[in-house]
Structures are given as C-alpha cells and as structure tokens.
Chemist: 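Okay, here's the structure, questions in a sec.
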Amino acid sequence: MKVIEHLKQAKDTLISFEVLPPLKGKSINSIYDHLDPLMEFKPSWINVTYHRSESMFKKKADGTFEKVEVRKRPGTVGICASIMNHYKIDAVPHFICGGFNKRETEDALIDLNFLDVDNVLVLRGDAAKNETSFEPEPDGHSYAIDLLKQVVDLNNGIYLDEDIQNGGKTNFCIGVAGYPEKHFEAPNLEIDLRRLKEKVDAGASYIMTQMFFDNKKFFDFVKACREIGIEVPIIPGLKPITSKKQLSILPRIFHVDIPTDLSNAIMRSKTDQECECVGAEWLIQQSKELKKFGVPVLHYYTLGKPKVIWNVVKELV
C-alpha cells in the first residue's frame with residue numbers, strides 16, 4: 001500500500017520507523033533483531049536508508065596505496081523486500097542522488113517495481129566524506145527534484161532509452177524531505193520553502209521532515225508551508241538524544257538546534273543511561289504534543305536505539 005493510502009485510511013495518528021542497513025558483513029537478522037520489539041506497535045511502514053559508496057585508500061603488498069570505492073551499508077533494496085516478506089508491512093526505500101548515475105537509478109527503480117515496492121523517499125543525499133560540497137556522479141542528478149522527476153517519468157512509462165515505446169508504468173508514491181529549521185545550504189527559509197513547493201508541484205505526495213527537538217519550529221514550518229500553497233501531508237521525523245556528545249554532533253551534522261532546557265538536562269546527567277532517560281522523556285512529551293496537534297504520523301529514526309524508541313512509543317499507545 002502507498003504511504004498516501006495509509007494516511008487517507010488512518011483513524012488516528014500512525015506510527016512508522018526508520019532503520020539503517022547493517023554494516024557489510026552482518027546478516028538480515030540484525031534488522032529483524034532491531035525491529036522485532038517494535039512490531040508490537042503495528043507500524044504502518046518502515047523506512048530504509050540508502051548509503052553512497054566512499055573512497056578509501058588501501059595499502060597494497062608493494063607498499064603503494066590503491067583507491068577503492070566501498071559501500072559500507074549496502075542492501076537497501078533487498079532489505080525492503082525482506083521486511084515486506086517477513087513482517088507483511090510496507091517498506092519505504094530512500095533514494096539518493098550521490099553515488100548513482102541515472103541509469104543505475106532507473107535499474108534500481110525497476111528492481112523495486114518488480115518486488116512490489118511502491119513507495120520511495122527521494123533525497124539529494126550528503127556530500128561524500130572527502131568532498132566539501134555535494135558533487136553529482138557523471139550523468140547523475142544534482143538535486144532531489146531531478147531525481148523526483150525521473151521517478152515521475154517512470155511512473156508515466158518514460159524510460160531513459162528512447163527506443164522503449166509504451167514502456168510499463170511504475171506506480172511509486174514519492175516522498176520528499178522538508179527542513180523545519182531550513183536546509184543548511186539554502187540562503188533563507190523562504191527560498192527553501194519555494195524549492196520544497198517545486199518538488200510537491202512536480203509530483204511529491206508527502207513531506208518527511210528532518211529531525212527537530214522544538215515543536216514550535218515544526219508548527220511554524222507547517223504554517224509556512226500551508227501559506228505558500230503546500231497542501232500535502234507533512235510527517236515529523238523524530239529522534240531521541242541519548243548521550244552528551246550528541247549535543248555537539250547533531251547540530252554539526254544535521255544543522256538542528258537543541259533547546260536550552262533539553263541541553264541543560266542532558267548536561268546534568270551523570271551517565272549515558274541518565275541521558276537516555278532524559279532524551280526519551282523529552283521525546284515522549286514532544287510526541288504527545290505533536291499527536292494533539294494532529295500530525296498524520298509520528299516517524300521515529302531508530303538509528304541503533306530500538307529500546308529507547310520502544311520506551312517512548314509504549315507511552316503513546
């Protein structure tokens with residue numbers, strides 16, 4: 001079922017989760033072990049992130065170094081198929097621009113279509129670790145809207161190979177990312193919202209937000225979206241803070257603010273367990289307020305902390 005269909009049929013706020021593919025060398029059981037406890041809450045779907053390859057230098061026997069491309073977390077397409085088969089629920093793969101050209105993207109979309117995966121979340125993705133700014137692959141996409149348009153084309157039976165006439169149409173429900181605190185590369189929120197509306201106008205069915213810790217920023221974001229004519233559902237992305245080091249890591253990597261009350265409480269914690277309790281309680285109150293506001297879904301980034309998420313969601317159901 002498409003994400004948008006889940007939303008239309010919902011009688012109350014839905015729950016969904018997001019997982020990382022395991023590091024190369026680990027089995028699918030690591031995903032099942034991660035998700036099994038969370039299945040108690042009957043999530044409507046599971047998001048699976050996509051990760052680009054990284055350039056690494058490996059030392060050869062003769063002492064010289066060889067540059068190799070390594071994808072540390074492969075398997076997004078296969079994991080989605082496994083989740084759908086194992087749990088009988090929908091999976092939403094992330095699709096990114098970085099590390100993939102247009103033909104590789106088309107082939108991956110065809111694989112998903114053959115597997116009856118009918119949802120994708122399209123993102124530009126981050127710059128490679130050795131790059132100061134995002135650089136597309138040769139014959140790849142520079143922006144998420146270009147990737148979105150390729151998915152829309154395939155939904156209309158338009159393939160890269162012009163020799164394909166009357167090609168089979170895919171049926172993907174397409175989500176895009178939104179940033180309540182502005183994408184860090186956008187000069188201001190107004191232009192960021194304008195770019196978001198362009199993606200919605202091009203065919204996005206819903207918006208999934210970056211994590212945030214201040215609900216007012218989300219409420220203001222939703223209001224601003226509605227004022228410029230964005231009418232699609234907006235789903236809040238949520239994550240608990242679980243350690244003191246995240247007070248500096250999260251703002252640096254994800255460009256989000258940490259409310260003073262939350263950061264002070266985390267700093268007063270003496271152990272990581274106390275930090276987890278503080279972060280979980282903050283997320284519980286955040287979730288309750290969002291649910292009262294009427295959000296369609298509470299989407300949790302589990303990111304290796306399923307026990308914390310379990311403790312949060314059990315307080316809501």
Side-chain angles (χ1 to χ4, degrees), residues 1-18 43-45 47 90-97 117-124 141 143-156 158 169-212 214-238 256 286-301:
M1 189 187 297
K2 295 181 177 183
V3 165
I4 199 69
E5 292 170 345
H6 281 287
L7 301 182
K8 288 178 180 177
Q9 295 180 16
K11 301 291 192 294
D12 197 1
T13 301
L14 303 177
I15 299 291
S16 62
F17 302 117
E18 183 165 311
S44 296
W45 65 81
N47 277 42
D90 288 303
V92 181
H94 292 194
F95 251 63
I96 60 175
C97 300
V117 177
D118 51 11
N119 295 286
V120 291
L121 183 72
V122 299
L123 311 158
R124 189 198 67 180
H141 294 302
Y143 301 101
I145 191 170
D146 301 320
L147 176 55
L148 183 150
K149 288 177 179 178
Q150 182 175 4
V151 181
V152 171
D153 278 348
L154 213 56
N155 279 350
N156 290 320
I158 302 171
K169 297 180 180 181
T170 57
N171 193 30
F172 292 111
C173 173
I174 309 168
V176 294
Y179 298 86
E181 298 175 63
K182 182 185 80 65
H183 190 282
F184 74 101
E185 293 179 9
N188 54 62
L189 184 58
E190 181 180 348
I191 289 178
D192 199 30
L193 288 170
R194 196 182 308 160
R195 297 288 178 263
L196 181 58
K197 187 174 188 303
E198 288 172 1
K199 289 188 280 189
V200 171
D201 292 344
S205 295
Y206 67 96
I207 295 164
M208 182 81 71
T209 78
Q210 172 68 282
M211 70 181 75
F212 57 91
D214 182 348
N215 283 351
K216 186 177 185 305
K217 293 181 184 294
F218 176 79
F219 300 149
D220 290 345
F221 174 72
V222 172
K223 183 174 182 288
C225 285
R226 301 310 184 214
E227 286 176 347
I228 66 167
I230 295 175
E231 299 296 337
V232 299
I234 301 174
I235 298 171
L238 302 165
V256 294
Q286 202 180 351
S287 300
K288 287 180 177 179
E289 186 179 29
L290 289 165
K291 189 172 182 179
K292 185 177 180 181
F293 178 75
V295 297
V297 187
L298 293 168
H299 180 76
Y300 293 97
Y301 301 116

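We number each residue from 1, following the sequence as shown.
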Chemist: Q286 side chain to F212 main-chain N or O, any donor-acceptor pair under 3.5 Å?
Modeler: yes

Chemist: Donor-acceptor check, side chain of N188 to backbone of E190, threshold 3.5 angstrom: yes or no?
Modeler: yes

Chemist: How about K182: does its NZ atom have over 12 heavy atoms from other parts shown lying under 6.0 Å from it?
Modeler: yes

Chemist: Kindly write out the residues that satisfy side chain to side chain contact (heavy atoms under 4.5 Å, CB included) with S287, not counting sequence neighbours, or none if the list is empty.
Modeler: L238, L283, L298, Y300, V312, L316

Chemist: From D201 CG over to I230 CD1, what is the distance, rounded to the nearest 0.5 angstrom?
Modeler: 8.0 Å

Chemist: Spell out, as yes or no, whether a donor-acceptor pair under 3.5 Å connects the side chain of D146 to the backbone of H141.
Modeler: no

Chemist: What's the shortest heavy-atom distance between H299 and S16, and which atoms?
Modeler: ND1-OG, 2.6 Å

Chemist: As an exercise, state the distance from CD1 of I4 to CD1 of I174, rounded to the nearest 0.5 Å.
Modeler: 11.5 Å

Chemist: Looking at every non-hydrogen atom in both residues, tell me the closest pair between Y179 and Q210 and how far apart they are.
Modeler: CD2-CB, 3.6 Å

Chemist: Considering the options I235, L196, L121, which one meets the side-chain contact (heavy atoms from CB on, under 4.5 Å) requirement together with I207?
Modeler: L196

Chemist: Answer yes when E198 and R194 have at least one side-chain N-carboxylate O distance shorter than 4.0 Å, and no when they do not.
Modeler: no

Chemist: Look only at the side chain of N119 and the backbone of M1, and say whether a donor-acceptor pair between them is shorter than 3.5 Å.
Modeler: yes

Chemist: Nearest 0.5 angstrom please: K169 NZ to L154 CG, how far?
Modeler: 11.5 Å

Chemist: Hey, could you give me the OG/CD distance between S44 and E5, rounded to the nearest 0.5 Å?
Modeler: 12.5 Å

Chemist: Which pair of heavy atoms, one from P93 and one from V117, lies closest together, and at what distance?
Modeler: CD-CG1, 3.7 Å

Chemist: Could you tell me if the side chain of N47 sits less than 4.5 Å from the side chain of M208, heavy atoms only?
Modeler: yes

Chemist: Do NZ/NE/NH1/NH2 and the carboxylate oxygens of D153 and K149 come within less than 4.0 Å?
Modeler: no

Chemist: When the ring planes of W45 and Y206 are compared, do they come out parallel, tilted or perpendicular, using 30° and 60° as the limits?
Modeler: tilted

Chemist: Which heavy-atom pair separates L147 from L123 by the least distance, and what is that distance?
Modeler: CD2-O, 3.7 Å

Chemist: Who passes salt bridge (Lys or Arg N to Asp or Glu O under 4.0 Å) against E227, sequence neighbours left out?
Modeler: K223

Chemist: Using the side chain to side chain contact (heavy atoms under 4.5 Å, CB included) criterion, which residues pair with D12? Sequence neighbours excluded.
Modeler: K291

Chemist: Nearest 0.5 Å, what's the CD-CG distance between E181 and L189?
Modeler: 10.5 Å

Chemist: Has N155 got a side-chain atom pairing as donor or acceptor with N171's backbone, closer than 3.5 angstrom?
Modeler: yes

Chemist: Flag yes if more than 12 heavy atoms outside F219 fall under 6.0 Å of its CZ atom; otherwise flag no.
Modeler: yes

Chemist: Between R195 and E185, does at least one N-O distance fall below 4.0 Å, as a salt bridge requires?
Modeler: no

Chemist: If every non-hydrogen atom of I234 is compared with every non-hydrogen atom of P296, which pair is closest and at what distance?
Modeler: O-CD, 3.5 Å

Chemist: What heavy-atom pair brings A224 and L193 nearest, and what distance separates the two atoms?
Modeler: CB-CD1, 3.6 Å

Chemist: Give, for atom NE2 of H6 and atom CG of D90, the distance between the pair rounded to the nearest 0.5 Å.
Modeler: 4.0 Å

Chemist: Quick one: does any side-chain atom of T209 pair with a main-chain N or O of P180 as donor and acceptor, under 3.5 Å?
Modeler: no

Chemist: Between F218 and V295, is a side chain to side chain contact (heavy atoms under 4.5 Å, CB included) present by the stated rule, with each step listed?
Modeler: CA-CA 10 Å; F218 176 79; V295 297; 3.6 Å; yes

